[in-house]
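Any value given below was found using the heavy atoms of this structure, including those in side chains, with hydrogens, waters and symmetry copies removed.
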2 protein chains.
Amino acid sequence: MTQRFPSMRPLVAALASLVWAMPANAQVTFSNALVREMQQVQEAALKSDYAYRQVAYLCNNIGPRLSGSPQAQTAVEYVAAEMKRLGLEITLEKVQVPHWVRGIETAALTQFQGQAPGTTQKIVLTALGGSVATPESGLSAPVVVVNDFAELESLDKEKIAGNIVLFNHSFDQQLAATGFGLDAYGQAVGYRGSGASAAARLGAVASLVRSVGGATYRLPHTGALRYAQDAPKIPAAAVAAEDADLIARLSTQGPVRLQLTLTPKTLPDTTSYNVIADLKGSEHPEEIVIVSGHLDSWDLGTGALDDASGVAVAMETAQVFQKLGLRPKRTLRVIAWINEENGLAGARTYVERHQADLAKHVAAIESDLGAGHPIGFEARISPAALAQLAPVSRVLERSGAGIRRLSENPAPDLGPLIPLGVPAFGLLQDNRTYFDYHHTAADTLDKVNPQELAQNSAVMAVLAYALTNSPQPLTR
Amino acid sequence: MTQRFPSMRPLVAALASLVWAMPANAQVTFSNALVREMQQVQEAALKSDYAYRQVAYLCNNIGPRLSGSPQAQTAVEYVAAEMKRLGLEITLEKVQVPHWVRGIETAALTQFQGQAPGTTQKIVLTALGGSVATPESGLSAPVVVVNDFAELESLDKEKIAGNIVLFNHSFDQQLAATGFGLDAYGQAVGYRGSGASAAARLGAVASLVRSVGGATYRLPHTGALRYAQDAPKIPAAAVAAEDADLIARLSTQGPVRLQLTLTPKTLPDTTSYNVIADLKGSEHPEEIVIVSGHLDSWDLGTGALDDASGVAVAMETAQVFQKLGLRPKRTLRVIAWINEENGLAGARTYVERHQADLAKHVAAIESDLGAGHPIGFEARISPAALAQLAPVSRVLERSGAGIRRLSENPAPDLGPLIPLGVPAFGLLQDNRTYFDYHHTAADTLDKVNPQELAQNSAVMAVLAYALTNSPQPLTR
């Protein structure tokens with residue numbers, strides 16, 4: 001999961017006022033037989049360790065899967081082979097993706113109040129995805145600390161020119177700890193995305209952002225940055241929260257100077273793939289329900305939570321259908337998206353290539369908020385359509401995932417589908433610890449609880465089973 | 001805090017059976033006036049931010065303070081100047097300390113099941129203190145995973161020779177989370193201390209240990225290792241728990257090969273100092289009560305918990321006495337020990353130099369288990385002497401620190417004093433999160449809660465006030 005703007009809390013009022021093209025007779029109904037099959041699917045998913053084995057393989061045997069990397073390519077091949085083995089029809093959909101490669105990343109305070117002779121203080125940081133490099137020997141400049149864009153704008157340009165700017169905007173850990181991690185993320189992520197260009201416009205030579213994420217384990221959180229067209233590209237990195245505190249504190253005492261070396265490279269765009277695997281519908285093969293996660297990850301950890309888990313629960317949906325011999329009436333389409341993290345090229349490409357079919361895309365589901373206990377799902381659909389899915393939530397309630405709510409933007413890879421009218425669903429997880437690990441080296445297999453992952457599989461599989469087998473397609 | 005053997009839980013029965021040379025008339029008593037002064041001391045310590053400012057300066061302005069480093073020297077000078085400013089008599093006691101300097105430390109799995117072509121998996125690790133280096137270009141060898149010494153010994157020498165051994169003994173996080181971190185630590189730390197030599201005896205080319213500590217944030221925990229005389233010295237490092245899991249899992253699937261580069265250096269021993277600062281007693285200046293922490297730290301973090309906090313609460317004791325104008329009857333001796341972490345040279349040197357005075361050392365207190373809420377103190381004294389300190393605990397109860405118990409080894413720097421009969425006291429903290437940060441890059445100022453630190457100051461100051469002012473010295 002990289003970013004979703006603006007605030008993700010359901011804006012029920014705003015959504016309710018939208019005009020939805022809903023035929024009057026399009027009431028979705030669920031027979032008792034269908035509900036029983038949904039329960040079968042749920043039970044099979046809860047018992048299965050298939051999804052966990054997929055996460056384990058992607059993380060341990062393949063590793064980090066940043067777009068353009070050999071690991072991303074191997075992951076594409078792995079998922080395709082695995083879905084083929086389950087009997088699905090495979091399409092590898094070509095996607096041009098960026099190919100950015102991390103290099104050396106070191107930093108140290110070389111001047112500060114009280115320093116012992118000949119010493120520096122190490123600063124823990126990591127380059128933001130897409131950052132340009134410093135000179136190979138690094139750069140050295142004073143640091144100016146600001147808390148937000150307003151404070152930056154209030155400073156004279158001479159105070160910024162030639163300096164390194166540190167955006168020290170705190171991630172709201174209290175908000176995250178109470179379950180609103182996406183809100184905390186939304187409040188802070190703008191500095192990661194746009195800070196470098198804002199600083200560069202005022203002449204800064206590099207831009208640092210306090211890591212966007214929780215925890216206090218001196219972990220820098222990477223993530224994408226977007227260089228604006230109207231600003232020079234300057235090197236940009238995220239510092240660990242502890243290091244942001246240190247710089248901020250020392251800078252109240254006197255001048256603080258930083259030596260910074262970042263040597264990432266942006267290589268030519270490369271060809272990668274969305275993995276598309278179809279389990280053809282028995283009655284309406286042209287009608288499609290997508291289940292998905294994104295296959296690419298950041299390069300620091302092994303992307304277990306973000307988002308091998310999402311891919312794995314989508315794969316599990318197909319596995320459960322096949323194992324139970326429950327061929328869906330509509331086509332179940334498993335997609336492992338590429339390049340969610342730094343470009344969304346996979347999702348954009350899909351929309352371009354499938355323009356003609358999108359009217360027949362009954363729904364699209366993605367899981368990209370970790371693998372914590374699922375509490376339900378959120379959807380960009382009409383309130384009336386949401387209400388019709390009450391029987392699905394009643395099934396999901398049995399595994400503690402009965403929440404069903406509206407959202408403007410339920411999942412990042414579904415963003416490009418939304419303007420084209422495709423009903424979009426995102427799994428909702430308990431994400432109270434998700435942002436502790438998000439985009440860090442610590443996003444590794446051990447963070448995934450096998451039981452909780454199976455609970456996520458059950459949500460995706462039940463929802464997909466309902467949407468592929470309801471007598472009527474979901475109202476759009 | 002580096003290590004305390006054996007298990008630290010109070011062995012009351014064993015201690016009670018020891019013969020203590022206790023004069024019959026040496027009952028320690030506390031007058032009402034003295035208790036009121038102890039309460040004054042407590043209140044002043046609880047209100048003061050002096051200790052926190054000391055921790056902040058040592059961590060932020062000086063930084064990591066490994067023995068032999070310029071930062072350790074600056075810290076010595078800082079503490080001495082600060083204590084002099086408070087009116088204490090300063091002695092810098094020369095100590096020969098090791099001077100080990102960390103270098104490059106990188107590792108990657110270069111062979112494992114399923115790997116993408118041309119890729120490796122990064123392994124997060126850190127050299128153990130005192131480790132020898134690999135060749136500058138690194139070394140490459142298969143990894144053999146063992147869970148404990150018994151498993152290592154059970155393997156044929158040919159299975160170990162030429163390999164890298166990983167001791168994958170888990171730190172018992174459950175035990176640590178329930179407050180028995182020292183027990184969990186004691187169970188696991190043997191592999192860090194002795195693993196390298198055990199592996200080297202069987203021909204291993206390097207030794208890895210699963211990090212001894214809690215948390216799941218991919219943090220390697222450094223610490224001292226002890227090379228045995230009868231084994232070749234091989235490079236040794238601690239891997240993050242996640243990386244130990246990864247290696248262990250992949251090694252069940254096929255051969256795993258690691259490329260390891262460690263370039264630490266052991267420089268010649270250098271001269272450092274115990275900082276000794278005396279507030280002379282008004283009635284019995286020759287009788288001494290030590291309050292202390294250790295000034296050196298590991299080099300990855302800034303040693304806020306381990307043990308700037310201990311030094312700071314000892315300094316605070318003097319500050320409170322001076323501020324209140326409560327000159328103690330016996331001499332209060334603040335000591336900032338050097339080289340606790342990798343040698344204990346400071347404590348050993350003190351005992352050598354003060355042999356003649358030790359009979360007049362009424363007590364020695366150290367804080368070296370972090371800065372969490374204090375629950376009381378533990379002591380290596382007779383059960384009868386402990387009972388006589390009940391009034392002290394009654395005062396400390398007011399700030400939630402009323403526990404008073406026996407222990408074989410209450411604090412590491414006091415270890416050398418114990419065989420010579422000096423009553424030794426250690427502060428007891430809530431240490432449920434201490435081992436999450438212990439010996440890692442994340443041991444930084446933000447981990448210290450100012451209020452909890454002040455509570456620790458209050459425990460040390462009250463105990464020290466009681467011991468310097470009781471009409472009778474504590475029975476030995």
Side-chain angles (χ1 to χ4, degrees), chain A residues 56-65 69-78 102 108-109 112-122 124 215-219 240-250 252-254 299-302 304 433 436-437 440-447, chain B residues 56-65 69-78 102 108-109 112-122 124 215-219 240-250 252-254 299-302 304 433 436-437 440-447:
Chain A
Y57 194 89
L58 289 169
C59 296
N60 286 348
N61 297 84
I62 297 178
R65 301 171 301 282
S69 67
Q71 290 97 330
Q73 178 58 27
T74 297
V76 162
E77 293 162 12
Y78 171 76
R102 190 175 301 282
L109 299 180
F112 55 91
Q113 190 65 30
Q115 91 199 102
T119 68
T120 62
Q121 277 251 47
K122 181 175 181 178
V124 174
T216 53
Y217 289 87
R218 214 168 174 186
L219 279 180
E242 289 89 339
D243 299 84
D245 284 342
L246 176 68
I247 295 170
R249 188 166 181 129
L250 291 176
T252 65
Q253 300 173 3
D299 55 333
L300 296 175
T302 56
T433 63
D436 291 350
Y437 304 115
T440 73
D443 181 0
T444 49
L445 178 64
D446 52 295
K447 308 312 178 303
Chain B
Y57 194 89
L58 288 169
C59 296
N60 286 350
N61 296 83
I62 298 178
R65 302 171 302 283
S69 67
Q71 290 97 329
Q73 177 58 26
T74 297
V76 163
E77 292 162 12
Y78 172 75
R102 191 174 300 282
L109 298 180
F112 55 91
Q113 190 65 31
Q115 88 196 104
T119 69
T120 62
Q121 278 251 48
K122 182 176 180 176
V124 174
T216 53
Y217 290 88
R218 214 167 175 188
L219 278 181
E242 290 90 338
D243 299 83
D245 284 343
L246 176 67
I247 296 170
R249 188 168 180 125
L250 291 176
T252 65
Q253 301 172 3
D299 56 334
L300 296 175
T302 56
T433 62
D436 292 350
Y437 304 115
T440 74
D443 181 0
T444 49
L445 179 63
D446 53 294
K447 308 311 179 302

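Taken to the nearest 0.5 Å, the CZ atom of A:R249 stands 10.5 Å off from the CG atom of B:D446. For the atom pair B:Q113 CD and A:I62 CD1, the distance stands at 11.5 Å (nearest 0.5 Å).
Between A:P117 and B:P70, the shortest heavy-atom distance links the atoms O-CB, 3.6 Å. What you find for A:G114 and B:Y57 is that their closest heavy atoms are CA-OH, 3.5 Å.
There is no contact between B:Y78 and chain A, counting heavy-atom distances below 4.5 Å. Heavy atoms of B:Q71 lying under 4.5 Å from chain A belong to its backbone as well as its side chain. Contacts of A:Y217 with chain B are made by both backbone and side-chain atoms, with heavy-atom separations under 4.5 Å. Of the atoms belonging to B:K122, not a single heavy atom falls under 4.5 Å from chain A. Looking at B:D436, the atoms closer than 4.5 Å to chain A (heavy atoms on both sides) sit in the backbone and in the side chain alike. Contacts of A:I247 with chain B are absent, with no heavy-atom separation under 4.5 Å from either backbone or side chain. Proximity to chain A is absent for every atom of B:L58, based on heavy atoms less than 4.5 angstrom apart. For B:E77, no part sits under 4.5 Å from any heavy atom of chain A, backbone or side chain. Proximity to chain A involves both the backbone and the side chain of B:N60, based on heavy atoms less than 4.5 angstrom apart.
Heavy-atom pairs under 4.5 Å with chain B peak, among A:E242, A:Q73, A:Q115, A:Q253, at A:E242. Ranked by heavy-atom pairs under 4.5 Å with chain B, the first of A:T120, A:T216, A:L109 is A:T216. With chain B as the partner, the residue from A:L445, A:V124, A:L250, A:D245 showing the most heavy-atom pairs under 4.5 Å is A:L250. Ranked by heavy-atom pairs under 4.5 Å with chain A, the list B:D243, B:N61, B:T74 is led by B:N61. Chosen from B:T444, B:D443, B:T440, the residue pairing most often with chain A at heavy-atom distances under 4.5 Å is B:T444.
In this structure the side chain of B:T302 reaches within 4.5 angstrom of the side chain of A:Q121, judged on heavy atoms.
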